[in-house]
Structure formats: structure tokens, C-alpha cells
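One structure below.
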Amino acid sequence: MRRVLRARAERRQLMTAEAEVLGELRRLRARLPQLTGALAASTDGLVLAQDTTGVEPEGVAALTAAALGVALRLTDATGQGGFRELVIRGELGYVATYAAGSSAVLTLLAEPRTNVGRLHLEGRRSGARIGELVDDALERLENA
């Protein structure tokens, strides 16, 4: 029961960072006009903030959590260290997921004409910023 209550408290605390995280997503989309969507989610698939159209954010967050699980196992099995990013290239564009602190991930949807180097640069920067926001929110919870 304590674990369930703790998980609920963590989710509530993460949601308090939603406005700041959403602001970061919007700034990121302004810097990278080829983005068609951006969302921040907890590592267990809870949407923290999203700026997307044409996709179901909850479904993308859940799939991101599943892909993260596979990526973590793969990096561990191959001795490549901790998870940093995952990039998928489809016929119609890219899906890129970046670590965002210890408890969140940033997933970006981009057009096929996107400069992938710029996508990585901006995705890593925003992932770090979102990670700070989320980790600070969780730290406030622990200190409360």
C-alpha cells in the first residue's frame, strides 16, 4: 500500500512541473521547425507534457516506455553503459527518444528532411533541461 501511495505522490509532484516542461517543449519546437511533435514522459509511460498533433500522446508515451525497456536491456547486454538516446527512421520521418534525467524521457517526432545532427543537439539539450525540472520536482517530494 505504501508503494502505491508513494507512486501517486510522485506522479502528482511530476505533474507540478508540467507547465515548465511544456514551455521547454514549445521552445524546442520553435528552434526545430521540422518537429511534428514532442512529448515528455516518465520512464513508466506517464505523459508529463506534450505538444503533438495527429498522434495519441498516451499511446506514444506507453510505446516509448516499452522501447526504453528494450534499449536498457540492449545497452546492458552489450556493455554500452546507461541509456542516452534511441533513434528510429521511418519512411515518413524520425522518432527520437532522449534520456531526461533519472525519471523521464523526451520523445520527438520529426519530418524526414530533418537535419539529424541538429535534432540530436537540440534533443539532448532539451532532454537535459527537462531532466533537471523533473528531478527537481521529485527531490522536492522527497524533502517534503
Side-chain angles (χ1 to χ4, degrees), residues 1-76 81-144:
M1 181 67 171
R2 273 191 185 162
R3 210 167 109 187
V4 170
L5 292 175
R6 172 112 177 120
R8 284 183 185 160
E10 282 180 4
R11 286 188 175 159
R12 268 195 310 274
Q13 192 63 30
L14 287 174
M15 297 313 279
T16 64
E18 180 181 3
E20 293 176 280
V21 172
L22 182 57
E24 180 61 31
L25 294 180
R26 290 186 174 148
R27 287 187 295 277
L28 173 61
R29 289 200 62 187
R31 291 191 308 267
L32 273 175
Q34 295 81 22
L35 288 183
T36 59
L39 73 85
S42 65
T43 55
D44 63 353
L46 173 72
V47 175
L48 302 176
Q50 56 93 17
D51 186 7
T52 61
T53 56
V55 298
E56 182 187 340
E58 292 79 12
V60 173
L63 288 168
T64 296
L68 178 62
V70 172
L72 289 170
R73 285 191 204 117
L74 186 58
T75 57
D76 185 50
F83 172 79
R84 294 291 177 249
E85 58 200 43
L86 172 67
V87 179
I88 300 167
R89 180 176 175 225
E91 291 176 355
L92 301 177
Y94 294 89
V95 178
T97 299
Y98 300 91
S102 60
S103 301
V105 291
L106 169 65
T107 296
L108 305 177
L109 310 175
E111 297 174 354
R113 63 186 178 94
T114 299
N115 177 319
V116 178
R118 180 92 190 275
L119 177 69
H120 285 320
L121 176 70
E122 297 293 348
R124 290 169 185 155
R125 284 181 181 165
S126 287
R129 176 69 181 130
I130 290 167
E132 289 172 4
L133 294 169
V134 171
D135 289 348
D136 286 350
L138 289 173
E139 188 176 313
R140 285 193 302 272
L141 173 68
E142 289 175 4
N143 293 333

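Numbers here are sequence positions counted from 1.
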key: Heavy-atom closest contact (Asp51 atom, Arg29 atom, distance)   =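 Closest pair (atom of Asp51, atom of Arg29, distance): O-NH1, 2.8 Å.
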Taking every heavy atom of Gly37 against every heavy atom of Thr52, the minimum-distance pair comes out as CA-CG2, 3.8 Å
Just verifying a value: how many Å separate [X] [atom1] and [Y] [atom2], rounded to the nearest 0.5 Å?
{"X": "Ser103", "Y": "Asp135", "atom1": "OG", "atom2": "CG", "value": "5.5 Å"}
{"X": "Leu35", "Y": "Thr114", "atom1": "CG", "atom2": "OG1", "value": "6.5 Å"}
{"X": "Tyr94", "Y": "His120", "atom1": "OH", "atom2": "NE2", "value": "9.0 Å"}
{"X": "Arg31", "Y": "Ser126", "atom1": "CZ", "atom2": "OG", "value": "4.0 Å"}
{"X": "Leu22", "Y": "Arg27", "atom1": "CG", "atom2": "CZ", "value": "9.5 Å"}
{"X": "Ile88", "Y": "Thr97", "atom1": "CD1", "atom2": "OG1", "value": "6.5 Å"}

### Query
Got Leu25 and Leu106 here, is their nearest side-chain heavy-atom distance under 4.5 Å?
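A side-chain contact under 4.5 Å exists here.
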Q. Does any non-hydrogen side-chain atom of Leu32 lie less than 4.5 Å from one of Arg118?
A. yes
The side-chain contact (heavy atoms from CB on, under 4.5 Å) partner of Tyr98 among Leu119, Leu86, Val105 is Leu119
N-O pairing of Glu111 and Arg89 below 4.0 Å:
no
Exam field: side chain Thr75 to backbone Ala71, donor-acceptor pair closer than 3.5 Å:
yes
### Task
Give the C-alpha distance, both sets of side-chain angles, the deciding distance and a yes or no for side chain to side chain contact (heavy atoms under 4.5 Å, CB included) between Asp136 and Val134.
CA-CA 5 Å; Asp136 286 350; Val134 171; over 6 Å; no
By side chain to side chain donor-acceptor pair (under 3.5 Å), Arg84 pairs with (sequence neighbours left out) none
Taken in chain and number order and not counting sequence neighbours, the residues that satisfy side chain to side chain donor-acceptor pair (under 3.5 Å) with Thr36 are none
Can you give the donor-acceptor pairs under 3.5 Å from side chains of residues 54-70 to other protein atoms, not counting sequence neighbours?
residue	atom	partner	partner atom	Å
Thr64	OG1	Val60	O	2.8
Thr64	OG1	Thr107	OG1	3.1

